[in-house]
There are 4 protein chains.
Amino acid sequence: MATEEGAAVSVDDIAYDALLEWVADEVAPYVGEGRVADYIPALANVPPDRFGMALATVDGHLYGVGDFQERFSLQSISKVFTLALVMAGDAGALRGRVGVEPSGNAFNSLIQLEYERGIPRNPFINAGALVVTDILQTQTGDAAGAVLDFLRAESGDHTVTIDGAVAASEGEHGDLNLALAHFMAAYGNIENPVDLTAEHYFRHCSIAMSCAETAMAALFLARHGVRTDGTRLLPVLGAKRVNALMMTCGAYDAAGDFAFRVGLPGKSGVGGGIVAVVPGRAALCVWSPALDPHGNSVAGVEALDRFSAATGWSVF
Amino acid sequence: MATEEGAAVSVDDIAYDALLEWVADEVAPYVGEGRVADYIPALANVPPDRFGMALATVDGHLYGVGDFQERFSLQSISKVFTLALVMAGDAGALRGRVGVEPSGNAFNSLIQLEYERGIPRNPFINAGALVVTDILQTQTGDAAGAVLDFLRAESGDHTVTIDGAVAASEGEHGDLNLALAHFMAAYGNIENPVDLTAEHYFRHCSIAMSCAETAMAALFLARHGVRTDGTRLLPVLGAKRVNALMMTCGAYDAAGDFAFRVGLPGKSGVGGGIVAVVPGRAALCVWSPALDPHGNSVAGVEALDRFSAATGWSVF
Amino acid sequence: MATEEGAAVSVDDIAYDALLEWVADEVAPYVGEGRVADYIPALANVPPDRFGMALATVDGHLYGVGDFQERFSLQSISKVFTLALVMAGDAGALRGRVGVEPSGNAFNSLIQLEYERGIPRNPFINAGALVVTDILQTQTGDAAGAVLDFLRAESGDHTVTIDGAVAASEGEHGDLNLALAHFMAAYGNIENPVDLTAEHYFRHCSIAMSCAETAMAALFLARHGVRTDGTRLLPVLGAKRVNALMMTCGAYDAAGDFAFRVGLPGKSGVGGGIVAVVPGRAALCVWSPALDPHGNSVAGVEALDRFSAATGWSVF
Amino acid sequence: MATEEGAAVSVDDIAYDALLEWVADEVAPYVGEGRVADYIPALANVPPDRFGMALATVDGHLYGVGDFQERFSLQSISKVFTLALVMAGDAGALRGRVGVEPSGNAFNSLIQLEYERGIPRNPFINAGALVVTDILQTQTGDAAGAVLDFLRAESGDHTVTIDGAVAASEGEHGDLNLALAHFMAAYGNIENPVDLTAEHYFRHCSIAMSCAETAMAALFLARHGVRTDGTRLLPVLGAKRVNALMMTCGAYDAAGDFAFRVGLPGKSGVGGGIVAVVPGRAALCVWSPALDPHGNSVAGVEALDRFSAATGWSVF
């Protein structure tokens, strides 16, 4: 992590609330820039002018600004939690079924999958997340339920739930994901019925949480694997691996740019949320629904860029 | 960076020399495993049983084990220094000419280049490094010389030089790189004569240095941009960006695996060397000539993996 | 068509039966060479030692050799008839939905489909045939039934039917085709429910016919569009177009080699059959179940090659 | 070939001159539509309003319309003659070095070449023609000279020559072809020095001929391999193979559409020329400089389409 020599101020000396206010002011011109995801009707109606950001520290404090308590659709952010649960269940579960390399293609691409005979490049592209969901389904018998239980526990809010309208809409417009799943099934890389795995995938992607809840739920990655209740979900090495995957593959085909600008492990979702981890220190979540062409929140990336630059909090 | 809670020992309590000895013992079975690069005759003759590792700390100490003072061919490791020099000359020099995304393809692939009309995906694949060399040639009039001068100054050894036999061999077997360069020239992305840019590329790739010299030369990236003499080569943000690129793109098409296992920004070369940066703390260089199928030193990756696990030194 | 100056004998002077006997003798060593299709269990059990060949002339004569009256699974050969029926119903039906270019990829590839946003390269790769089936389903309400009716009428045998075991097996192992269909549905290029279109596709591919019946059924393409009963299915231009597509796209990704060797419009199926058209003169069907790696019958291609060379019957 | 039952008139009953006049009138609205090739300055200045068409019959008659005696740059049309000469020298010369399949990609693409390790898909894409030129250079010691000699002899005009300005311009803007050649050299598929092979390629592409001369030069393909002087250049089987390659690969990545519409073996060039063969009967050449996005003359394709439809002269 950059020492404070490069940062304008020492973070420890400032009030986090003021810092978040400053970030919100700075990125206000970007809020609404871009395009709200419209591949399913249920997402297309989210107002583009929302912006929220939350910071949860490893010592238990929570700070927020703007719409940080408004719930949004996690979408691909849920892939981080699904992955962590699978690795907690079996550290070697991905071996031979999902790779750990950046894909270089769009998140929903089939091309690499064909060249590599049904083995997705990493767990954060859709194909990879479908396989991870399939493994979790086999491990638990209720993949979406397992993700939901974990998120409720870590966020401390048992009203967190799956948005049924979004889940239904995903299913109705799920041809691309069904294509991915059937393709992998043809290569023997989906072990449950395709429709069942796809349904659980659609459901955990449709979980709605606020920035505050999401930042708290991601804290175990800042704590090197330790959950809110002090128990360990993942060994240090496991948490390191999830963080590494977020760094190299977390922002779709703009992961390099995200690392370049923000310098923190992060994962974005087309609901407009982005979660980021400051190892040993904190977890962040920012939300603003309008997306750039890669599927990342425009104002969200700007906010994390500024936050990272202002604090010197980057892993590099 | 991981706090020591996950590491077996506190690094500050141990002697670095003993640590390096332990790593060397651990990876001894891997030395010679894999294949020495043989695409040019001058590299094919390097004995596969070599292993060296050096650690240079930001406070000026140097530690080494094995063949850490034997010089080897930098090959792609030189791309890090070429990039840093270009960014020092003009922070925006890459804009529109080289991307910052992992490629997902082999280092010498032309495929992505064609889809993206002559713009290489990142500065560490061959195509990208050719463009960076082309920019440095325009900036300095002597790209290879500029890299050499920098490496001599940072390593503190003015006998560092270009291995003429390797450079000549590169030129004689340079068809693939000439194909890349002509392809980009067709899209206007090489501004000097193709043969001139290629020659400077072959020459800086042919610089020979030891692990000790290379670790010292990379220390400016651990010092957030500050050179050995205390002057600043890059702003904090620039050093962060070079480190980020090493993390997401530094190990060819196994960059994800390297991040997953080692968790440090690193750059490998087909000469068998790998340089890695522990931001704020140290630079490492390991060398062992036998390579895995991706072009990374087998024993080198094992050594960094063990070092990172033992010290808890990872950015995640 | 080559005049007889290049052929060893004038076809008109010889007995076709003797010619077919000679071809069968010549290719006997190739029968059984290759691999019987085993992607579905129902096909894997076909004995590899079968060989049959039939010649149907435009003036109504039928000649055969070997197992020319044994029925086999049409598989992709049915795509020719499906296409002809769709074009008979609406000459412009393919416009904007299926291309007419060779694909350069395997018959079941998704890659081109992604680059070209759900528009298959031609009607003879699986993706294209699924779209053609989808159009025929919309035109007739019973795509597989329409193909079956046509084949019964042209072959003159009303016992021709769909092999239910093969059709069921296709459905059970249909993940790859379902992936293609869902992918195109995501781009709006499948208008009926995906499962319905896929079912009709599986069913018409599972029609079983003999060489004799298939050659007779293809005669309308040799008669420039005129059916057995003298009515016209397609205008001259339409028949030319189907023949052109068979020439450039009929033998999977070995269409160039088939044109190079045989020089006749042809269409192969993984059941081991190949139908070929000698415009103005005759239709041929050859069957032998063992396939080369492209999916074409080894003995079948050899037989057509020899027949074409011996008669000088080639369009070139 | 279609019997006359589908054609509006019997060709034998009409005057060819009148037919060509009719075609020229029909396509007049298309002349100038599209874009003159501008990748080299020497071609960019050709006036787009030219149109010429010539018909040479196997019995020695020549008919023409419009600018059929004006010379234009053969460009890729020269690939047909280069291929025929190489096959005349050694029927097996292409084996292992060039395929016979349509590429499905643009004529100057490198993508397929990389997947297939330096073996071009067919002799008519640039990469394939470079290999064919390389073989002819080895066979003759003067590839461009050999092509020129052949064209002078067949056209009967010894003033046919290489346009030096075009050849020089090709060389100056030859980066893409040099990229292809260096890439194949890296895989050992160019045996002469890259620059020498490229130069001969640029030179034979720069031969200038009229429609009349080109149609006469292509007559050996209509005569199943027999040259103007009655000697045989290729066996019947060899001529069939060249025609087959023209049919499946002759019109860049629009070969399927050309077969679909025109139904004759043909080869186009970015100089705006297209040569077509009516086996056993005639050779045609049409020229109009403005091109469609695939690189085929817009008015040229229209003219051949109309000619084929009006005469029923198609191989299907």
Side-chain angles (χ1 to χ4, degrees), chain C residues 1-8 58 94 99-105 109 111-112 115 121-122 221-226 235-249 251-265 277 279-281 294 308-309 312 314-316, chain D residues 1-8 58 94 99-105 111-112 115 121-122 221-226 235-249 251-265 277 279-281 294 305 308-309 312 314-316:
Chain C
M1 184 177 313
T3 61
E4 60 276 10
E5 73 182 32
V58 292
L94 304 189
V100 296
E101 294 301 325
S103 81
N105 289 312
S109 176
I111 290 172
Q112 170 271 329
Y115 284 123
R121 196 59 76 85
N122 68 62
L221 290 169
R223 286 195 218 98
H224 305 295
V226 176
V236 171
L237 210 60
K240 167 182 164 182
R241 288 175 172 178
V242 175
N243 284 333
L245 280 164
M246 292 170 78
M247 177 63 84
T248 55
C249 316
Y252 304 125
D253 52 345
D257 188 63
F258 188 84
F260 194 76
R261 291 178 62 186
V262 176
L264 292 172
V277 177
R281 200 174 299 225
H294 300 287
S308 164
S314 130
V315 300
F316 303 121
Chain D
M1 185 177 311
T3 59
E4 59 277 10
E5 72 182 29
V58 292
L94 304 190
V100 296
E101 294 302 325
S103 81
N105 289 311
I111 289 173
Q112 170 269 332
Y115 285 123
R121 196 59 77 84
N122 69 62
L221 290 170
R223 286 195 218 97
H224 305 296
V226 177
V236 170
L237 211 59
K240 166 182 162 181
R241 287 173 175 180
V242 175
N243 283 332
L245 280 163
M246 292 171 78
M247 178 63 84
T248 56
C249 316
Y252 306 125
D253 52 345
D257 188 63
F258 188 84
F260 194 77
R261 290 178 62 185
V262 176
L264 293 172
V277 176
R281 200 175 297 225
H294 300 287
D305 184 352
S308 164
S314 130
V315 301
F316 302 121

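Below, chain A is the first sequence line, B the second, and so on; all start at residue 1. Worth knowing before you read on, the calculation uses all heavy atoms, side chains too, and leaves out hydrogens, waters and symmetry mates.
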Which atom pair, heavy atoms only, marks the closest approach of [X] to [Y]?
| X | Y | answer |
| --- | --- | --- |
| C:A244 | D:A259 | CB-O, 3.3 Å |
| C:M247 | D:T248 | O-CG2, 4.0 Å |
| C:K240 | D:R261 | NZ-O, 2.9 Å |

If I take atom CD from residue D:E101 and atom OH from residue C:Y252, how far apart are they, to the nearest 0.5 angstrom? 14.0 Å
Distance col, row C:F316:CZ vs D:L237:CG, nearest 0.5 angstrom, shows 12.5 Å
Under a 4.5 Å heavy-atom cutoff, which of D:G263, D:A255, D:S103 has the most pairs with chain C? D:A255
Flag the one option from D:A222, D:P265, D:P235, D:A254 with the top tally of heavy-atom pairs under 4.5 Å to chain C. D:A254
Segment of D:V277 engaging chain C (4.5 angstrom heavy-atom cut-off): neither
Residue part contacting chain D, namely of C:V242, when any heavy atom lies under 4.5 Å: neither
Which atoms of C:N122 are under 4.5 Å from chain D, going by heavy atoms: the side chain, the backbone, both sets, or neither? neither
